[in-house]
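Comments concern the structure below.
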2 protein chains.
Amino acid sequence: MSHDAAPLMGRRERKKQATRAALREAALRLAIRDGVENLTVERIADEADIALRTFFNYFSSKEEAVVATVSSAAEALIAEFRARPRTESVLRAFREAVLVILNESDDANRHYLAVVRLIHRTPSLVPQQLAVLAAQEKALAEAIRERVDAAEGSVYPAVCASAVLAALRIVVNQWLEPEREPSAALLGREVDLVIAELAAGLDRQRS
Amino acid sequence: MSHDAAPLMGRRERKKQATRAALREAALRLAIRDGVENLTVERIADEADIALRTFFNYFSSKEEAVVATVSSAAEALIAEFRARPRTESVLRAFREAVLVILNESDDANRHYLAVVRLIHRTPSLVPQQLAVLAAQEKALAEAIRERVDAAEGSVYPAVCASAVLAALRIVVNQWLEPEREPSAALLGREVDLVIAELAAGLDRQRS
DNA sequence: TGCATTGATGCGCGTCGTGCAAGTTTGATG
DNA sequence: CATCAAACTTGCACGACGCGCATCAATGCA
């Protein structure tokens with residue numbers, strides 16, 4: 001998406017990013033292979049050929065390293081959301097952003113799905129995932145606030161951001177609940193449905 | 001609300017509850033006094049006069065013990081929600097349940113506010129809080145599903161539960177952002193506003 | 001080339017979290 | 001009431017964790 005900008009960062013910054021990425025990928029690979037419970041920081045550091053102590057300069061726990069991928073995905077999603085034309089409403093823009101991300105199917109995307117699957121079978125990672133999402137909620141809320149030009153004290157941006165991310169998370173989780181093909185089309189339909197619900201309002205009565 | 005039922009639990013279960021409560025309250029007290037970072041499991045165990053090893057029979061980390069109070073509060077809220085008459089719509093019933101809980105102002109309530117304040121000034125606890133909320137989301141989603149008699153595969157209950165809990169969390173957080181009186185009335189008004197937004201739908205355009 | 005900044009690494013220490021094997025309390029049974 | 005099994009508490013030990021600190025190496029700049 002936005003990497004290897006030549007003189008944007010010097011050798012220093014590039015090496016940092018490389019180290020971080022190496023640790024992130026090593027953590028994910030080992031976590032998938034052996035399970036998070038049979039995973040030590042030392043193994044991750046060895047796999048990435050980084051000193052044990054250095055690991056903690058980048059991540060404060062192995063869980064953080066494993067889940068770091070979803071942070072990247074969320075950032076990409078929010079960037080896409082910001083890039084949508086201002087004529088689109090909030091939910092519309094979000095829907096389009098999700099579909100764009102889904103149809104990219106590059107490395108980041110596959111890594112993201114791998115992490116989500118891993119989290120799905122490793123409940124102990126859920127807190128970490130939620131922590132990452134919560135951090136991104138702030139960013140998304142700010143983007144929403146700008147889009148609708150809401151007042152400072154309004155709770156709408158925060159609530160909308162939270163609801164929308166939660167809805168996406170729920171749909172994705174349900175989507176990989178049974179054994180399914182990685183049918184992006186089906187997931188896209190589910191996204192449309194849930195966004196329609198958010199738009200229509202969440203109140204209901206016994207039918 | 002529903003305690004000390006005489007022969008509902010034998011001495012065994014009662015002692016377990018007492019131990020758990022003692023640890024929970026000791027953890028909260030020390031965390032408020034010294035800050036979560038200057039807090040060790042050993043100190044908590046000593047304060048509650050429980051063996052260090054025994055602590056881990058109840059909680060797997062000090063954070064879990066500190067945040068355990070919000071779990072109780074959420075359970076009480078959901079129980080109240082379930083008790084609302086079925087003629088009330090989902091959001092209406094939730095609003096009433098929140099107001100009932102807010103106006104109780106018993107010990108549990110004060111403890112809950114204390115925990116929220118603590119989390120508010122201790123970002124490292126947010127993941128734990130979200131984990132607890134996520135666990136309760138399932139219960140609330142099930143309650144919502146029963147209320148509206150939704151189908152099994154529907155995402156509405158989960159999305160609604162998540163959105164509603166997130167909205168409540170956001171409102172409470174914003175409510176204790178500046179120095180305010182513990183004015184339950186003001187909080188009640190904010191709850192009404194945010195629930196009205198959820199009911200009206202979350203889509204918006206630049207005005 | 002010399003120098004200041006910043007990251008990488010090794011070391012040490014206190015804490016964490018848990019398996020294991022006792023000892024103790026509880027509730028049930030005859 | 002005596003006895004027993006299940007469940008809970010506790011101490012012990014051990015590996016892993018997370019970080020402060022000092023040191024070395026790499027980088028960017030004048």
Side-chain angles (χ1 to χ4, degrees), chain A residues 4-27 30-31 33-68 122-128 131, chain B residues 4-27 30-31 33-68 122-128 131:
Chain A
D4 62 82
L8 268 188
M9 11 173 149
R11 194 194 320 278
R12 236 191 177 101
E13 188 65 17
R14 261 182 291 122
K15 281 201 171 184
K16 270 180 64 176
Q17 298 298 330
T19 301
R20 169 173 289 266
L23 287 174
R24 187 163 38 81
E25 290 168 19
L30 293 182
R33 203 188 60 186
D34 304 336
V36 180
E37 53 282 359
N38 314 318
L39 184 61
T40 69
V41 177
E42 192 173 7
R43 299 264 299 280
I44 300 175
D46 282 352
E47 175 87 4
D49 199 33
I50 305 287
L52 173 63
R53 182 60 183 85
T54 305
F55 175 91
F56 292 102
N57 292 347
Y58 286 90
F59 303 101
S60 60
S61 70
K62 56 171 179 264
E63 289 84 2
E64 190 176 324
V66 170
V67 177
T122 313
S124 69
L125 287 181
V126 171
Q128 305 289 332
Chain B
D4 62 87
L8 268 188
M9 13 174 146
R11 195 194 315 280
R12 227 188 185 103
E13 190 65 17
R14 260 183 293 121
K15 282 202 169 184
K16 270 179 63 176
Q17 298 298 330
T19 300
R20 169 173 290 266
L23 288 173
R24 188 164 36 83
E25 289 167 20
L30 293 182
R33 202 188 60 185
D34 304 336
V36 181
E37 54 282 358
N38 314 319
L39 184 61
T40 68
V41 177
E42 191 173 7
R43 299 264 298 280
I44 300 175
D46 282 351
E47 175 88 3
D49 200 33
I50 305 286
L52 173 63
R53 183 61 183 86
T54 305
F55 174 91
F56 292 102
N57 292 346
Y58 288 89
F59 303 101
S60 61
S61 69
K62 55 172 181 261
E63 289 84 2
E64 190 177 324
V66 171
V67 177
T122 313
S124 69
L125 288 181
V126 171
Q128 304 289 332

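Note on naming: letters A, B, ... go to the chains in the order of the sequence lines (proteins, then strands), and numbering restarts at 1 for each one.
- Rounded to the nearest 0.5 angstrom, B/Glu64 CD and B/Leu23 CG are separated by 11.5 Å.
- Near-neighbour residues of DNA chain D inside residues 55-68 of chain B, defined by a heavy atom below 4.0 Å, number-ordered: B/Asn57, B/Tyr58.
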Should A/Lys16 and A/Tyr58 be marked as a side chain to side chain contact (heavy atoms under 4.5 Å, CB included) after you check the CA-CA gap, both sets of side-chain angles, and the distance that decides it?
-> CA-CA 9 Å; A/Lys16 270 180 64 176; A/Tyr58 286 90; 3.6 Å; yes
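- When heavy atoms are screened at a 4.0 angstrom cut-off, B/Arg12 is found touching base atoms of the nucleic acid.
- No contact: B/Leu52 has no heavy atom under 4.0 Å from any strand.
- No donor-acceptor distance shorter than 3.5 angstrom exists from the side chain of A/Lys62 to the backbone of A/Val36, with no hydrogens or angles considered.
- At the phosphate of D/dT27, OP1 or OP2 sits under 4.0 Å from a side-chain N or O atom of A/Arg11.
- Rounding to the nearest 0.5 angstrom, the gap separating the CZ atom in A/Arg43 from the CG atom in A/Leu30 is 6.0 Å.
- In the displayed structure, B/Gln17 atom CD is contacted under 6.0 Å by more than 12 heavy atoms of other residues, nucleotides or ligands.
- Proximity of A/Gln128 to A/Val66: side-chain heavy atoms (C-beta onward) are nowhere separated by under 4.5 Å.
- Figure legend: B/Arg20 and B/Phe59 shown as a cation-pi pair, the cationic atom lying under 6.0 angstrom from the six-membered ring centre and within 45 degrees of its axis.
- Distance from the side chain of B/Arg53 is smallest to C/dC20 among D/dT9, C/dG10, C/dC20.
- Whole-Å rounding puts the A/Leu23 CG to C/dA8 C1' distance at 12 Å.
- Here the side chains of A/Phe55 and A/Ile50 are not in contact, with every heavy-atom distance at 4.5 Å or above.
- For the pair A/Lys16 NZ and C/dA8 P, the interatomic distance rounds to 8 Å; values are reported in whole Å.
- One finds a side-chain N or O of B/Lys15 lying less than 4.0 angstrom from the OP1 or OP2 phosphate oxygen of C/dT26.
- With rounding to whole Å, B/Arg14 atom CZ is found 19 Å from D/dA7 atom P.
- Shown here is B/Asn38, whose CG atom has more than 12 heavy atoms of other residues, nucleotides or ligands within 6.0 Å.
- Residues of residues 37-46 of chain A that place a heavy atom closer than 4.0 Å to DNA chain D, in numerical order, are A/Leu39, A/Thr40, A/Val41.
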